[in-house]
Peer 1: 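Pasting a structure below so you can have a look.
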Number of protein chains: 2
Amino acid sequence: MPKAPSPSSRSDSTASLLRQEIVSGEAAPGNLLAEAAVAQRLGVSRVPVREALFTLEREGLVEFSATGRAFVKDLTTSDFEELYVLRLNLEPLAARLAAPHFKKDLSSLEENVAATQRAKSVHEVTRLDLEFHELILHMSGNTRLLKLWRSLRGELELWLGRLHRQHQLQTRETQAQTVEAHRGIIEGFKTQTPAACERLLREHILGWREWLPIVS
Amino acid sequence: MPKAPSPSSRSDSTASLLRQEIVSGEAAPGNLLAEAAVAQRLGVSRVPVREALFTLEREGLVEFSATGRAFVKDLTTSDFEELYVLRLNLEPLAARLAAPHFKKDLSSLEENVAATQRAKSVHEVTRLDLEFHELILHMSGNTRLLKLWRSLRGELELWLGRLHRQHQLQTRETQAQTVEAHRGIIEGFKTQTPAACERLLREHILGWREWLPIVS
DNA sequence: GGAGATAAAACGGTATACCGTTTTACGAGA
DNA sequence: TCTCGTAAAACGGTATACCGTTTTATCTCC
């Protein structure tokens with residue numbers, strides 16, 4: 001299970017707020033995130049804002065100019081290509097590593113699928129979709145692999161968010177597609193064959209790309 | 001080529017200093033890195049130290065406790081296993097992606113090997129060895145892949161450093177082994193076949209592990 | 001002598017202030 | 001009108017100070 005998002009410190013809550021604004025599109029790509037301005041707007045000092053911006057940079061949602069100014073990242077198609085290649089290699093690896101652990105712990109995946117079916121918006125489906133994949137990374141047992149994947153997650157979320165806003169994806173279809181695919185994966189995982197688990201995820205991601213609206 | 005390490009800001013130079021102390025073993029695993037103490041010792045304020053510690057955490061050299069205190073990371077064997085699995089998957093991928101670019105740019109790899117041959121210490125050989133691999137990641141053209149690898153590099157360096165200090169590796173042997181292996185890789189790269197380049201690197205890393213002194 | 005309470009010291013989180021650099025906006029001259 | 005220069009405003013880097021929490025060390029009681 002992913003960590004509980006409990007923004008205890010002001011740095012964390014600032015990061016959460018900005019993350020939300022960026023992923024939701026409220027903050028447009030290329031926008032300057034000036035420390036003082038953000039600080040004043042959120043009612044905190046510059047220090048937590050500064051740290052939040054560093055965090056968001058690590059997540060790929062923010063980009064620093066050579067002179068240290070933070071901007072909302074503007075993803076291009078080639079950025080997406082990079083992300084895609086990495087997913088295509090990291091996730092199957094995770095599935096292979098996780099295979100031996102697929103004895104009892106499939107329950108968390110099943111719960112996720114159930115939640116996905118209950119979801120009421122495209123946004124929610126997307127979030128649960130990503131969580132499904134993150135669960136697999138988590139089950140791989142390789143904490144660094146999980147961290148690497150997480151460092152890509154923000155950008156992925158950003159890209160998907162923009163895609164959805166552009167193409168007005170239908171909730172029903174996206175949801176049905178996701179649930180069906182994930183169920184198939186869980187079924188396949190029951191064999192616990194590392195090679196099979198790996199192949200399964202690889203093909204899921206290949207198929208996912210086909211399903212996506214025009215990526216260009 | 002890797003970025004020029006020009007510590008312009010105090011955050012950067014502080015990070016460099018601490019990095020050096022940690023990798024060299026001067027700062028023992030588990031040591032507390034208190035902001036105020038480090039700041040006073042290095043003659044800067046706590047702010048740059050704070051940022052340096054965050055940077056080093058991202059590099060895997062420092063670990064934060066639940067209450068926000070920074071400690072020099074203490075790597076275990078299973079940490080090394082995680083790193084190894086990731087190298088074994090990321091680097092061959094990079095080689096495959098880089099294959100099409102292996103027309104002229106092999107010169108940077110060749111220069112690296114030449115420098116390795118001129119090296120005069122195990123430490124220097126190790127540094128150039130890692131640089132060789134980083135060059136391949138760089139040539140893959142996938143900036144995120146390079147970033148992921150770099151986020152593992154610090155821990156790798158840390159591990160290798162401790163290994164060398166424990167086993168007093170002979171410079172000559174390590175050097176000869178490294179140079180020979182890297183030359184073979186460059187030779188193989190000339191075919192520019194993605195699959196071959198990928199296999200080459202995979203086998204190099206498998207062999208590298210055999211070569212390492214007792215990892216346990 | 002050992003476990004627990006307690007007070008002092010250490011430490012991190014954050015606000016504020018200052019300074020040098022970068023950006024930006026405006027105005028003069030071609 | 002466009003370009004270039006210049007000054008003001010914006011901005012980030014860093015130092016310092018304050019506060020609440022966590023650690024640590026000491027003292028007490030069993």
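The figures that follow rest on heavy atoms only: side chains count, while hydrogens, waters and symmetry mates do not. Order of the sequence lines sets the chain letters (A, B, ...), proteins ahead of strands, with each chain counted from 1.
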Peer 1: Hey, which sits more toward the 5' end of DNA chain C by its nearest nucleotide, B/Arg69 or A/Ser45?
Peer 2: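 Closest to the 5' end, via its nearest nucleotide, is B/Arg69.
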Peer 1: Among side-chain atoms of B/Thr143 and A/Glu82, is any donor-acceptor pair under 3.5 angstrom?
Peer 2: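 Yes - a donor-acceptor pair under 3.5 Å links their side chains.
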Peer 1: If you walk 5' to 3' along DNA chain D, what is the first nucleotide with an atom under 4.0 Å of a heavy atom in chain B, and what is the last?
Peer 2: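 Span of nucleotides near chain B: D/dT14 to D/dT23.
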Peer 1: With a non-hydrogen cut-off below 4.0 angstrom, is B/Arg46 in contact with a base, only sugar-phosphate, or nothing?
Peer 2: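 Result for B/Arg46 = base.
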Peer 1: Look at B/Glu51 together with A/Arg50 and state whether they make a salt bridge at an N to O cut-off of under 4.0 Å.
Peer 2: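 Between A/Arg50 and B/Glu51 there is a salt bridge, with a charged N closer than 4.0 Å to a carboxylate O.
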Peer 1: Cut-off 3.5 Å, side chains only: do A/Trp149 and A/Glu91 have a donor facing an acceptor?
Peer 2: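 Present: a donor and an acceptor within the cut-off.
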Peer 1: Would you please name every residue forming a side-chain contact (heavy atoms from CB on, under 4.5 Å) with B/Arg127, sequence neighbours left out?
Peer 2: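 Applying side-chain contact (heavy atoms from CB on, under 4.5 Å) to B/Arg127 gives B/Glu124, B/Glu131, B/Arg153.
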Peer 1: Salt-bridged, A/Asp79 to A/Lys73, with N to O below 4.0 Å?
Peer 2: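 Looking at A/Lys73 together with A/Asp79, the answer is no, because their closest N to O distance does not fall below 4.0 Å.
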